[in-house]
2 protein chains.
Amino acid sequence: MNEVVKKKSLTAEDWQDAALNVIAHQGVAAVAVEPLARELGVTKGSFYWHFSNRMDLVKQSLKKWRLGDKKLVEETILTIKNPKKRLLAWFKLSAEPIQTHLIYSTLLADRSHTLISKILKEITLERLSHLQQSYREMGFDEKFAKAQSLLAYSVYVGFLHMSKTLYGSLPDSKQAEEYAQFVAKQLLS
Amino acid sequence: MNEVVKKKSLTAEDWQDAALNVIAHQGVAAVAVEPLARELGVTKGSFYWHFSNRMDLVKQSLKKWRLGDKKLVEETILTIKNPKKRLLAWFKLSAEPIQTHLIYSTLLADRSHTLISKILKEITLERLSHLQQSYREMGFDEKFAKAQSLLAYSVYVGFLHMSKTLYGSLPDSKQAEEYAQFVAKQLLS
DNA sequence: ATAATACCATACGCTACAGTATGGAGTGGT
DNA sequence: ACCACTCCATACTGTAGCGTATGGTATTAT
């Protein structure tokens with residue numbers, strides 16, 4: 001039992017969380033109704049009461065993920081006034097072993113659906129814009145800020161995949177800290 | 001018709017090429033026998049003559065890809081004596097819009113099978129080793145060479161995903177050249 | 001010319017999953 | 001006490017793909 005209080009019935013969010021967990025580790029294609037139902041200890045009769053179909057679940061799950069991710073960034077990064085410190089905080093957060101990174105990196109290789117491509121493009125452009133903004137505030141010119149933010153973001157994405165490939169999971173906080181320091185030294189001078 | 005000479009019968013390599021094409025664009029999970037057969041204008045009776053099962057095709061396809069990739073690197077990169085020029089050549093090749101990169105980046109998010117994880121780890125460590133070697137030959141110490149090669153490789157992987165995400169495909173040669181120059185300036189000083 | 005072999009079509013059984021239809025148990029409101 | 005609504009189980013239909021069995025045709029060898 002992972003829950004002390006045995007819940008009487010499931011909510012839509014319970015299904016979304018389970019779906020996000022699958023997405024993080026096996027991708028969108030692996031999100032299947034019946035296996036999820038088994039995992040949650042119910043049948044798909046429950047599922048089709050909460051959602052209209054499989055894609056509906058995927059959509060709403062990604063929506064939830066996106067909101068949570070946005071909130072995280074707004075609270076821990078965008079509140080920092082000093083642009084250099086803000087970038088450093090971003091590098092550190094990027095290397096933290098949290099689910100949101102796993103989901104993002106998994107989605108990156110999943111071009112199965114137009115919806116996902118669209119979401120990814122939006123998120124990526126959004127984040128690039130933040131980085132570029134910070135570099136500009138540090139005093140760099142437009143062109144350099146653009147190229148450098150693309151480079152920094154590539155490092156972020158690459159690091160996610162590398163970690164999973166080499167270690168099978170995201171590295172722990174200590175390793176992440178060290179790596180963030182090195183990256184900062186190379187990309188924040 | 002994409003072939004002038006209409007072939008009388010298919011070879012195992014024809015199936016492998018078709019499979020690699022699917023892997024490059026939709027991932028290993030999307031490799032299915034019957035759809036491939038339809039695409040090749042035959043039925044699966046043909047498939048099961050050439051391969052014992054679906055996984056057999058995947059294995060052999062990846063083996064072919066790996067051999068081709070190895071040959072490419074050996075011929076265009078490892079033959080260069082000067083370490084700095086060698087690294088520059090690697091950066092440039094990394095940004096070229098060729099299928100081998102697509103396959104690699106797609107595999108990176110595909111942890112469905114132990115075999116694939118194993119292959120990926122091997123390839124990644126192999127490439128990291130080459131990079132590290134080049135940095136060392138440039139005169140950097142062991143520790144820096146290791147960190148820097150990891151950084152450079154992260155940039156490579158990240159760039160692949162970014163390109164697909166933002167532009168839907170790998171960028172053309174001209175863009176690739178510019179990007180490689182910038183990366184080289186930042187990571188090769 | 002005949003036999004062997006390479007290559008493929010067809011037809012089959014099996015499984016996993018999507019989605020629907022319907023009924024039933026529990027719970028809260030009145 | 002009764003009703004309505006929430007949540008889920010059960011039982012279906014339909015489809016896509018895996019793998020097998022078997023027979024047929026064209027090519028090659030002898």
Side-chain angles (χ1 to χ4, degrees), chain A residues 1-3 5-62 64 106 110-116, chain B residues 1-3 5-62 64 106 110-116:
Chain A
M1 295 296 156
N2 44 4
E3 303 230 7
V5 180
K6 187 87 173 183
K7 293 181 64 172
K8 286 187 281 280
S9 63
L10 296 177
T11 67
E13 284 214 14
D14 291 329
W15 284 95
Q16 289 163 20
D17 290 339
L20 286 176
N21 197 42
V22 171
I23 292 175
H25 293 95
Q26 294 149 265
V28 175
V31 175
V33 176
E34 284 165 314
L36 274 181
R38 280 194 289 274
E39 192 181 311
L40 291 172
V42 292
T43 65
K44 60 183 176 178
S46 168
F47 176 85
Y48 285 99
W49 191 89
H50 291 287
F51 303 90
S52 59
N53 54 37
R54 180 186 168 279
M55 204 54 205
D56 184 30
L57 169 66
V58 172
K59 275 190 193 176
Q60 291 190 223
S61 300
L62 291 181
K64 185 190 177 185
T106 304
D110 208 324
R111 326 214 95 44
S112 58
H113 209 276
T114 316
L115 169 76
I116 297 173
Chain B
M1 295 298 156
N2 45 2
E3 302 229 6
V5 181
K6 187 89 175 179
K7 294 182 66 173
K8 287 186 282 278
S9 62
L10 297 176
T11 66
E13 285 215 13
D14 292 328
W15 284 95
Q16 290 164 20
D17 290 338
L20 286 176
N21 197 42
V22 171
I23 292 175
H25 297 287
Q26 294 150 265
V28 175
V31 175
V33 177
E34 284 164 315
L36 272 181
R38 281 193 288 273
E39 191 181 312
L40 291 172
V42 293
T43 66
K44 59 183 176 178
S46 167
F47 177 85
Y48 285 99
W49 192 89
H50 290 286
F51 303 90
S52 59
N53 53 38
R54 180 186 167 278
M55 204 55 205
D56 184 30
L57 169 66
V58 172
K59 275 190 193 177
Q60 290 190 225
S61 299
L62 291 181
K64 186 191 175 185
T106 304
D110 208 324
R111 329 213 93 45
S112 58
H113 207 277
T114 317
L115 170 75
I116 297 173

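Naming: A, B, ... by sequence-line order, numbering from 1 per chain.
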Estimated bend of the helix from C:dA1-D:dT30 to C:dT30-D:dA1 (axis per five terminal pairs, rounded to 10 degrees): 10°
For the student: nearest non-hydrogen atoms of B:D110 and B:I116, plus distance: O-CG2, 3.5 Å
Nearest heavy-atom neighbours spanning A:T11 and A:D14: N-OD2, 2.9 Å
All ring-ring contact (aromatic ring centres under 6.0 Å, His included) counterparts of A:F47, not counting sequence neighbours: A:W15, A:F51
Residue pairs fulfilling side chain to side chain donor-acceptor pair (under 3.5 Å) with at least one residue in residues 50-62 of chain B, sequence neighbours excluded: B:S52-B:D56
Sequence neighbours excluded, every pair satisfying salt bridge (charged side-chain N to carboxylate O under 4.0 Å, His left out) that has a member inside residues 23-33 of chain B: none
Let me have the donor-acceptor pairs involving side chains of residues 17-40 of chain A, under 3.5 Å, with sequence neighbours excluded, atom names and distances please.
residue: A:D17; atom: OD1; partner: A:K64; partner atom: NZ; Å: 2.5
residue: A:D17; atom: OD2; partner: A:K64; partner atom: NZ; Å: 3.3
residue: A:H25; atom: ND1; partner: A:N21; partner atom: O; Å: 3.0
residue: A:E34; atom: OE2; partner: A:K44; partner atom: NZ; Å: 3.1

Where chain B begins and ends its contact with DNA chain C, read 5' to 3' at 4.0 Å from heavy atoms: C:dA6 to C:dA11
Base-contact (B) and sugar-phosphate-only (S) positions in nucleotides 4-22 of chain D, heavy-atom cut-off under 4.0 Å, - elsewhere: --SBBBBB-----BBBB--
